[in-house]
Every structure is written in C-alpha cells, then in structure tokens.
Amino acid sequence: MALIEPRTLKGFRDFLPAQMIPREKLMETARTVYRRYGFVPIDTPALELLEVLTGKGSEETDRQMYHFTDAGGREVGMRFDLTVPFARFAAQHINELGTPFKRYHIAPVWRGETPQAGRFREFVQCDFDTIGTTGVVSDIETALVIHELLQAIGIDQFQIRINNRQVLAAFLQAQGLENSSTAVLRALDKFEKVGGDQVKKELENAGLNALQADSVLALAAMRGSNDELLSQLATMVTGNEIGEQGVQRLRDLTSALRAAGVPESRYRIDVSIARGLDYYTGVVFETTLGELPSIGSICSGGRYDNLAGLYTKQYLPGIGASLGLDRLLAALEQLGRIPKQPRSADVFIALFDPNGINDYFRLASIVRAAGWSAEVFPESKKLAQQLKYADQRGFRVALIAGSDELAKGTVQIKDLMNKISTEVEWRENPEQLSQALRTMMRLSDDTLLA
RNA sequence: GUGGUAGUAGCUCAGUUGGUUAGAGCGUUGGAUUGUGGCUCCGAAGGUCGCGGGUUCGAGUCCCGUCUAUCACCCCA
C-alpha cells in the first residue's frame with residue numbers, strides 16, 4: 001500500500017529535542033520572571049466561539065483567523081492571540097478574581113498568514129497582563145518585566161520602543177485626521193523602513209493634503225533623547241487634554257525606568273510605533289533585538305482600557321505584553337546562540353557488567369537523590385562506544401563500574417571534560433559518592449566559566 | 001492573498017552545452033587488542049534528484065503546474 005508522505009502543514013513545525021530543550025528553558029525563564037512580579041498562571045481554550053474573537057484586533061486579524069463550523073453548527077475560531085481570550089476570561093471571572101488581577105499565560109496561538117523567517121502559523125506567546133487598574137504604575141511594571149525578562153534570557157542588546165496612543169490620537173485630532181487614522185498610523189510605522197518620500201506618497205494616496213502629510217512626516221522625523229522627545233511632544237499636544245495625559249504618562253514611565261536603573265540604551269520613545277491592533281488605548285511597546293532587528297518585534301504589548309468592555313459593563317482596563325517565544329528562538333538560532341546538542345542529563349552510568357544492573361540503578365538513584373539527573377545506558381555495548389555516546393550528548397560525568405569495582409563496592413567517577421577520574425567507595429557509604437560528585441560538578445563549572 | 005528566488009543523502013553542497021550504474025564532506029552505523037570518549041584508518045547503510053505532467057531516442061539538467069522554504073507587499077510575536 002502506498003505510504004503517506006510524513007509532513008507538517010505549512011507554517012506548522014515539529015520540535016526535536018535540540019529545539020525543545022532551549023524552548024522549555026525559555027518558558028521556564030518567563031514563568032520565573034512573571035512569578036517574581038506576582039503574576040499567576042491561567043489557561044483558556046484554544047477554541048472560542050467566533051463572536052468572542054472577531055472584530056477585536058483589526059480587519060486583518062479577522063482575515064488571518066482560523067475558523068470553522070463545528071458539528072453542532074457553532075461558528076468556532078482558533079485564538080489569534082492571548083489578549084482577547086484574556087479579556088473574555090476576565091469579564092467572565094472577575095468577581096471570583098478581584099482586581100487588580102495579574103496573570104501570565106504561555107500557550108500557542110494560530111494565524112493563517114504567509115510564513116517567513118520567525119513567522120509561523122502556530123507559535124507560542126508568553127503573555128503577562130494586569131487588569132483592573134489604569135494607573136501608570138502598571139505601565140511602569142510592564143516595562144520593567146519586559147526588561148527583566150530579556151535580561152534573564154541572556155540577551156544583552158535589545159531596545160524597548162515606547163509610544164503612547166493618546167499622543168498619537170491628539171496629533172491626529174489636531175491635524176483633522178481622525179478619520180484616516182489607520183492609513184496615517186500605518187504610513188508612520190513604515191517611516192524608518194521605506195523613508196520619507198515613500199511615506200509621503202502613501203499619505204497623499206490616502207487623501208491627505210500637503211500640509212497634513214508634512215505634519216505626519218515631521219512627527220515621524222522627530223529625533224533626540226527621550227527627554228528631548230518628551231518636550232517636543234509636550235509642545236505638540238499643548239491644549240489637548242488626552243495628548244497631555246499621554247505625554248505625562250510617557251514622562252512618568254521613562255523617569256521610573258531611569259530610577260529603576262534600566263540603562264538608557266535599553267528603551268526609547270519612538271513616535272512611529274503605532275501597532276496595528278485596534279484595541280490599544282495608551283502606552284504601546286515593541287522590543288527589537290540589536291543584533292537582528294529584521295526579525296521584528298519579539299516582545300510587544302500595550303494598554304487596552306476598553307477591550308473587556310466588549311464582554312461586560314464592568315470597567316476592566318488592562319495592560320500587558322507578550323514575548324514571542326518562537327520568533328525569539330528563530331532569532332537566537334540565526335544568531336547561533338542555540339547549542340547544537342543540549343545536555344540530556346548530568347551523569348552517565350555505563351552499563352559495563354550485565355550482571356550488575358541492580359547496582360547501576362542503585363547508583364542512579366543515589367545520583368538523583370543528590371540532585372542531578374542520571375541516565376543508565378540501556379545495553380552492555382563496548383565501553384568505548386558508551387563513552388562516545390556520553391561525550392556526544394554532553395554529559396558532564398560518567399560513572400564506570402565493571403565487575404571488579406562492583407565486587408569492591410566502588411565506582412569510577414570520570415569528569416568527561418577533563419578526563420580526570422577518581423574511584424570512590426559507595427556501597428557502604430553512598431554519601432561518599434554524592435560528595436565526590438559535588439566536588440567534580442563544581443570543578444567542571446569552573447572550567448566552563450574559564 | 002500577490003510577486004521575486006530556491007528545492008539533489010539526516011545536514012552543507014558539487015553535478016560541466018540534456019547522455020549510460022547521481023558524487024563529496026560532515027553526521028549515523030560497524031570494525032581496527034573481550035575494560036575507557038572527542039583524533040586517525042577501513043567498511044556499511046542512506047537518494048522516487050520536492051511532487052505531478054510535458055518536450056526528447058534520452059531529463060537532476062529544458063518547459064508548465066503544484067507543494068515547501070525564503071524575500072518583498074500586507075500584517076505581526
């Protein structure tokens with residue numbers, strides 16, 4: 001019978017251990033950082049009623065959403081992001097949760113768009129959000145979490161770009177552009193990429209007069225330190241209450257970041273960051289990698305004060321951001337920062353003497369009880385082959401015991417990096433083995449640092 | 001969804017104006033003194049040349065379609 005070609009859907013991927021191990025590590029880091037700030041975990045279904053999901057992001061997001069009719073005739077959508085389901089979740093459960101409520105959610109989302117480097121149809125987002133407070137404190141905390149998160153992951157060169165929708169709204173209002181806001185913001189967003197002439201052309205196509213187009217270009221061209229930009233923006237929005245509020249919040253945010261000791265190079269006010277998602281109402285964030293800006297934003301978010309209003313009359317303002325796990329991993333891979341062969345376990349136990357199986361498992365449990373992972377080789381192959389396997393999988397230490405050692409109740413502990421081995425007695429006193437391991441692990445840690 | 005580029009072993013690629021059994025390196029695997037790894041040497045496995053159709057005596061090589069990847073548009077993590 002004809003074989004079915006084994007393959008995955010366009011934009012969907014399998015993950016081999018070499019990819020999955022760093023992937024899990026990243027999720028673990030995100031969890032740790034989120035918990036450190038008091039965010040708690042939740043989960044929601046992959047599928048929602050279509051009406052819950054559509055019309056919340058933008059026309060484009062609706063077009064990219066996977067949807068179908070289920071066997072009961074219900075219109076069903078696959079979640080496009082984690083923010084919209086969270087707004088639904090909060091509206092539904094807020095009486096049990098109380099406000100403010102801070103949650104994180106690490107889960108896959110699906111978008112039916114054309115795949116590219118760092119863009120997939122199924123990818124994991126690591127969201128954290130705060131709901132039920134409009135204060136600038138949560139704006140600040142969101143930025144601090146983004147910063148700490150990337151730092152914890154071990155990325156040095158990144159920049160959080162910050163803007164505020166209120167400021168943009170004030171600008172649009174002043175120019176009489178409220179009705180073409182989408183086109184204007186889109187053009188603004190492209191400024192850095194395509195340049196002023198192209199943007200101007202686009203603006204004119206969108207029906208702006210020369211005066212209006214020039215004002216947009218002037219906005220896009222604003223440059224300077226964060227403080228300089230703040231004062232320029234303040235002048236621009238003078239007299240507009242919303243705009244003044246936005247500028248003030250940006251000012252509070254940047255001064256808090258400075259006070260928290262976040263290096264100036266790590267964040268920057270950027271008036272061209274607009275974000276396509278319609279639900280943002282205040283501060284917006286995008287984070288780009290200094291070494292690979294072309295992959296796009298790896299951590300984005302912002303304030304959405306009206307999103308839950310679609311599901312409840314209760315006022316539930318929110319703010320949050322999302323780390324794009326798969327995009328970040330794609331970037332790290334391109335930068336050669338993903339180890340080719342990640343370690344499967346710390347300690348390798350050679351199966352030397354087939355009659356000693358019980359002892360090998362006893363050794364393994366001593367190692368595990370001491371806090372390390374251990375693996376017993378499943379066959380009594382030649383020792384050279386077993387050591388080669390151990391070497392290739394990145395084990396740090398091998399335990400070797402043949403019939404001689406087993407008879408004496410000893411085992412050879414071998415540091416695989418330094419090729420140094422010592423023999424210890426373990427049968428009478430297992431603590432000797434864990435002690436010797438501790439010493440050896442410390443030694444190999446030192447060599448790693450050197 | 002639209003357009004550009006690409007598609008040969010698990011990976012990186014070679015394959016001369018279309019010509020007979022499609023190659024290399026790395027990796028995998030076995031061996032080179034029945035107790036010690038990353039080096040070396042020898043051997044082996046592994047390819048419907050992405051898939052389908054067409055032109056031709058003959059197609060990995062030319063043409064068309066299709067799928068996938070990638071880039072751009074669009075949007076975004």
Side-chain angles (χ1 to χ4, degrees), chain A residues 2-3 5 7-13 16 18 26 30 57-65 80-83 106-127 146 182-183 185-187 189-190 193-194 198 202 273-278 280 284-289 294-301 321-331 334 340-341 348 350-354 377 380-395 397-406 412-421 423:
Chain A
L3 293 173
E5 189 188 346
R7 55 188 189 145
T8 56
L9 227 40
K10 181 196 187 83
F12 289 72
R13 300 162 301 155
L16 275 60
L26 267 189
S58 66
E59 277 177 41
E60 184 64 23
T61 63
D62 290 351
R63 242 191 39 206
Q64 292 181 1
M65 195 179 308
F80 177 92
D81 66 9
L82 299 177
T83 308
I106 299 175
V109 302
W110 296 270
R111 298 183 187 178
E113 65 174 337
T114 308
Q116 260 176 56
R119 312 175 60 154
F120 312 100
R121 289 186 166 181
E122 176 179 61
F123 59 95
V124 165
Q125 292 195 318
C126 309
D127 273 42
I146 296 175
T182 314
L185 294 183
R186 192 178 295 162
D189 220 315
K190 276 197 254 183
K193 205 169 180 182
V194 301
Q198 187 67 34
E202 235 173 89
I273 297 300
R275 316 274 310 132
L277 264 30
D278 292 340
Y280 290 120
V284 287
F285 303 101
E286 280 194 7
T287 311
T288 45
L289 294 172
S294 61
I295 202 118
S297 173
I298 47 138
C299 188
S300 312
S322 177
L323 175 74
L325 185 89
D326 288 290
R327 177 171 291 182
L328 176 58
L329 278 163
Q334 272 188 40
K340 285 234 159 57
Q341 181 65 65
F348 176 80
L351 200 159
F352 205 157
D353 177 359
F377 198 76
S380 63
K381 277 197 187 171
K382 283 173 58 174
L383 191 58
Q385 282 175 42
Q386 296 194 40
L387 285 173
K388 192 176 175 197
Y389 169 88
D391 182 49
Q392 287 168 339
R393 305 287 160 125
F395 286 89
V397 167
L399 296 189
I400 301 166
S403 42
D404 298 351
E405 286 92 343
L406 290 178
Q412 216 185 105
I413 308 182
K414 180 164 190 159
D415 185 320
L416 288 167
M417 272 183 264
N418 304 332
K419 297 185 127 177
I420 302 166
S421 66
E423 193 167 329

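A, B, ... follow the sequence lines: proteins, then strands. Residue 1 opens every chain. All values reported here derive from a predicted model rather than from experimental measurement.
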How long is the span from the [atom1] atom in [X] to the [atom2] atom in [Y], to the nearest 0.5 Å?
| X | Y | atom1 | atom2 | answer |
| --- | --- | --- | --- | --- |
| A/Ile273 | A/Phe285 | CD1 | CZ | 12.0 Å |
| A/Leu399 | A/Phe352 | CG | CZ | 13.5 Å |
| A/Leu328 | A/Ile298 | CG | CD1 | 5.0 Å |
| A/Ile400 | A/Glu405 | CD1 | CD | 8.5 Å |
| A/Cys299 | A/Leu325 | SG | CG | 11.0 Å |
| A/Lys381 | A/Leu387 | NZ | CG | 12.5 Å |

Is the side chain of [X] donor-acceptor paired with the backbone N or O of [Y] at a distance under 3.5 Å, no angle test?
| X | Y | value |
| --- | --- | --- |
| A/Thr288 | A/Gly296 | no |
| A/Asp353 | A/Gly402 | no |
| A/Gln386 | A/Leu351 | yes |
| A/Arg111 | A/Thr61 | no |

**Item:** Toward the 5' end of RNA chain B, by each residue's nearest nucleotide, A/Lys381 or A/Gly402
**Value:**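 Nearest-nucleotide comparison on RNA chain B picks A/Lys381.
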
**Prompt:** Relative to the 5' end of RNA chain B, which residue comes earlier, A/Leu383 or A/Ser300, by the nucleotide with the nearest heavy atom?
**Reply:**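 Of the two residues, A/Leu383 wins.
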
**Asked** So does A/Gln116 get a side-chain nitrogen or oxygen closer than 4.0 Å to the phosphate oxygens (OP1/OP2) of B/C73?
**Response**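 For B/C73, OP1/OP2 do not have a side-chain N/O of A/Gln116 under 4.0 Å.
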
**Prompt:** Under 4.0 Å between a side-chain N/O of A/Gln385 and OP1 or OP2 of B/G31, yes or no?
**Reply:**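 Affirmative; the distance criterion is met.
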
Nearest-angstrom distance from the residue atom [atom1] of [X] to [atom2] of [N]:
| X | N | atom1 | atom2 | result |
| --- | --- | --- | --- | --- |
| A/Tyr280 | B/C76 | OH | C1' | 10 Å |
| A/Arg13 | B/A77 | CZ | C1' | 11 Å |
| A/Leu387 | B/G35 | CG | P | 12 Å |
| A/Gln412 | B/G37 | CD | C1' | 13 Å |
| A/Phe12 | B/A69 | CZ | P | 11 Å |
| A/Arg119 | B/G1 | CZ | P | 15 Å |
| A/Arg121 | B/U70 | CZ | P | 11 Å |
| A/Lys414 | B/G37 | NZ | C1' | 7 Å |

**Prompt:** Is the NZ or CZ atom of A/Arg13 both under 6.0 Å from the centre of the six-membered ring of A/Phe120 and within 45° of that ring's axis?
**Reply:**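 Positive - A/Arg13 is close enough to the ring of A/Phe120 and near enough to its axis.
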
**Message:** One character per nucleotide, please: for nucleotides 38-46 of chain B, 5' to 3', B when the base has a protein heavy atom closer than 4.0 Å, S when only the sugar-phosphate does, - otherwise.
**Reply:** B--------

**Message:** Base contacts versus sugar-phosphate-only contacts with protein, heavy atoms under 4.0 Å: please encode nucleotides 7-13 of chain B as B, S and - from 5' to 3'.
**Reply:** -------

**Message:** Which heavy atom of A/Ala330 sits nearest to which heavy atom of A/Gly118, and what is that distance?
**Reply:**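 Answer, listing the atom of A/Ala330 first, then A/Gly118: CB-CA, 3.9 Å.
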
**Asked** What stems involve RNA chain B, if each pair must be Watson-Crick or G-U and both of its distances must be under 3.5 Å, with 3 or more such pairs in a row?
**Response**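 In RNA chain B, stems of three or more pairs: B:1-7 with B:67-73, B:10-13 with B:23-26, B:28-32 with B:40-44, B:50-54 with B:62-66.
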
Shorter than 3.5 Å, N or O on both sides, protein versus nucleotides 32-34 of chain B: list them out with atom names.
{"residue": "B/A32", "atom": "OP2", "partner": "A/Lys382", "partner atom": "NZ", "Å": "3.1"}

Proximity to the side chain of [X] - top-ranked nucleotide from [options]:
| X | options | value |
| --- | --- | --- |
| A/Phe352 | B/A69, B/G35, B/A77 | B/G35 |
| A/Thr114 | B/G1, B/U70, B/U36 | B/G1 |
| A/Pro115 | B/A77, B/G35, B/U70 | B/U70 |

Does [X] contact [N] through a side-chain donor or acceptor facing the base, at a distance under 3.5 Å?
| X | N | value |
| --- | --- | --- |
| A/Arg327 | B/C76 | yes |
| A/Arg111 | B/A77 | yes |
| A/Gln386 | B/G35 | no |
| A/Glu113 | B/A77 | yes |

Would you indicate what [X] reaches in the nucleic acid, counting non-hydrogen atoms under 4.0 angstrom: base, sugar-phosphate, or nothing?
| X | value |
| --- | --- |
| A/Glu122 | nothing |
| A/Gly11 | sugar-phosphate |
| A/Arg63 | nothing |
| A/Ala390 | nothing |
| A/Cys299 | sugar-phosphate |
| A/Asp404 | base |
| A/Tyr389 | nothing |
| A/Ser421 | nothing |
| A/Ile298 | sugar-phosphate |

**Prompt:** Can you list the residues that meet the side chain to side chain contact (heavy atoms under 4.5 Å, CB included) rule with A/Asp404, with sequence neighbours excluded?
**Reply:**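 With sequence neighbours excluded, A/Asp404 shows a side chain to side chain contact (heavy atoms under 4.5 Å, CB included) to no residue whatsoever.
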
**Request:** Give the ring-plane orientation class for A/Phe395 versus A/Phe348, where under 30° counts as parallel, over 60° as perpendicular and anything between as tilted.
**Result:**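 Perpendicular: the ring planes of A/Phe395 and A/Phe348 meet at over 60°.
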
**Prompt:** Taking the C1' atom of each, how far is B/G54 from B/A14, in whole Å?
**Reply:**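 These two C1' atoms come out 28 Å apart once rounded.
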
**Request:** For A/Phe123 and A/Arg327, run side chain to side chain contact (heavy atoms under 4.5 Å, CB included): C-alpha distance rounded to whole Å, both residues' side-chain angles, the deciding distance at 0.1 Å, then the answer.
**Result:** CA-CA 8 Å; A/Phe123 59 95; A/Arg327 177 171 291 182; over 6 Å; no

**Asked** A/Asp81: what forms a salt bridge (charged side-chain N to carboxylate O under 4.0 Å, His left out) with it, not counting sequence neighbours?
**Response**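 Listed in chain order: nothing, the list is empty.
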
**Prompt:** Mind checking whether A/Ile295 and A/Gln334 have side chains closer than 4.5 Å, heavy atoms only?
**Reply:**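 Sidechains of A/Gln334 and A/Ile295: in contact.
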
